[in-house]
Amino acid sequence: MSRIRQFQVTFDCAEPERLARFWCEVLGYVVPPAPEGFATWSDFQSSLPSEERDAWCACVDPSGVGPRLYFQRVPEGKAAKNRLHLDVRVGTGLVGEERLAALEAECARLVPLGAVHVRTLYDGSDACIPMLDIEGNEFCVD
């Protein structure tokens, strides 16, 4: 039995590069260098048949620790709630008002990037802030 050492998280979306760049800002990820032989991603895209241009984009954790995120264009729009979502972990180890303040600060940073604040869940000790990315995918600031 083989051991899986890497995985990526794939998003179906309408605008792969736009969504990839949003998540780069959220997570501190980067778009990797263009493929060998191309100075830029634009040069690479121009080399493809028109129907394949801008069909996908990826971003990676520059430290190499987090999973690669892959964004692929699909013809259909989002139709239902995600069955899987990302948790952006900014409050790990914090409780109460300190945790809530850290989550609210991250939410305030993400809204100008295009994220939507859905609601704030807080019970006096634990907190979570459900949000939507720029294409309506659910994620939580946790």
Side-chain angles (χ1 to χ4, degrees), residues 1-123 126-142:
M1 187 173 187
S2 69
R3 285 185 57 192
I4 297 173
R5 291 184 167 69
Q6 292 185 352
F7 71 95
Q8 74 179 9
V9 178
T10 301
F11 290 73
D12 290 349
C13 59
E15 297 180 71
E17 183 176 351
R18 181 171 174 251
L19 192 55
R21 293 197 182 280
F22 169 83
W23 281 102
C24 283
E25 290 293 323
V26 172
L27 301 173
Y29 272 38
V30 296
V31 173
E36 191 173 324
F38 298 94
T40 66
W41 278 102
S42 182
D43 292 343
F44 172 74
Q45 293 292 340
S46 295
S47 75
L48 299 173
S50 60
E51 67 275 2
E52 293 178 26
R53 290 182 191 147
D54 303 315
W56 63 273
C57 191
C59 60
V60 296
D61 179 353
S63 72
V65 175
R68 178 180 191 243
L69 302 183
Y70 183 81
F71 304 87
Q72 62 187 5
R73 186 178 60 221
V74 296
E76 69 277 358
K78 184 175 180 307
K81 183 180 183 309
N82 300 12
R83 301 235 359 191
L84 171 83
H85 69 265
L86 301 183
D87 285 344
V88 178
R89 310 288 318 271
V90 298
T92 304
L94 302 176
V95 295
E97 294 294 323
E98 186 179 19
R99 177 175 171 80
L100 180 60
L103 273 56
E104 287 177 332
E106 182 65 3
C107 178
R109 182 182 79 85
L110 300 179
V111 167
L113 299 176
V116 175
H117 175 210
V118 175
R119 66 183 169 278
T120 298
L121 303 172
Y122 179 59
D123 66 6
D126 199 10
C128 178
I129 300 179
M131 300 188 78
L132 302 174
D133 73 14
I134 60 173
E135 288 204 11
N137 299 302
E138 295 89 4
F139 70 99
C140 290
V141 174
D142 177 43

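- Taking every heavy atom of both residues into account, L19 and C13 meet most closely at CD2-CB, 3.6 Å.
- In Q6, the CD atom is not crowded: 12 or fewer heavy atoms of neighbouring residues, nucleotides or ligands sit closer than 6.0 Å.
- Although no hydrogens or angles enter the test, the distance criterion places a donor-acceptor pair under 3.5 Å between the side chain of Y29 and the main chain of P67.
- Here the CZ atom belonging to R99 is positioned 12.5 Å from the CD atom belonging to E97, to the nearest 0.5 angstrom.
- Other residues, nucleotides and ligands contribute more than 12 heavy atoms inside 6.0 Å of the CD atom of E52.
- Side-chain contact between V88 and L27 is present, with heavy atoms from C-beta onward closer than 4.5 Å.
- Interatomic distance, CD of E104 versus CD1 of I129, reported as 5.5 Å (0.5 Å rounding).
- Of all heavy-atom pairs spanning R109 and V26, the tightest one is NH2-O, 2.9 Å.
- Here the CD-CZ distance, from E135 to R18, works out to 7.0 Å after rounding to the nearest 0.5 Å.
- L110 has its side chain within reach of F139: a pair of non-hydrogen atoms, C-beta onward, lies under 4.5 Å apart.
- The side-chain heavy atoms of M131 and V111, taken from C-beta on, include a pair separated by under 4.5 Å.
- The nearest pair of heavy atoms linking W56 to Q45 is O-NE2, 4.2 Å.
- The nearest pair of heavy atoms linking L100 to A127 is CD1-CB, 4.1 Å.
- Looking at C57 and Y70, their side chains never come closer than 4.5 Å, going by heavy atoms from C-beta outward.
- In this structure, E51 places its CD atom where more than 12 heavy-atom neighbours from other residues, nucleotides or ligands lie under 6.0 Å away.
- Minimum heavy-atom separation, V90 to A102: CG2-O, 4.1 Å.
- With hydrogens and angles disregarded, a donor-acceptor distance shorter than 3.5 Å links the side chain of R53 to the backbone of L48.
- Here T10 contributes atom OG1 and L84 contributes atom CG; the two are 10.5 Å apart, rounded to the nearest 0.5 Å.
- W23 places no side-chain N or O within 3.5 Å of a backbone atom of A58 that could act as its donor or acceptor partner.
- Between the NZ atom of K78 and the CG atom of L132 there is a distance of 7.5 Å, given to the nearest 0.5 Å.
- Atom CG in N82 sits 8.0 Å away from atom CZ in F11 (nearest 0.5 Å).
- For the pair C59 and A20, the tightest heavy-atom approach, listed with the atom from each and the gap, is SG-O, 4.0 Å.
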Exercise for the section: Starting from the C-alpha separation in whole Å, work towards a yes-or-no answer on salt bridge (charged side-chain N to carboxylate O under 4.0 Å, His left out) for R21 and E25. Expected result: CA-CA 6 Å; R21 293 197 182 280; E25 290 293 323; over 6 Å; no
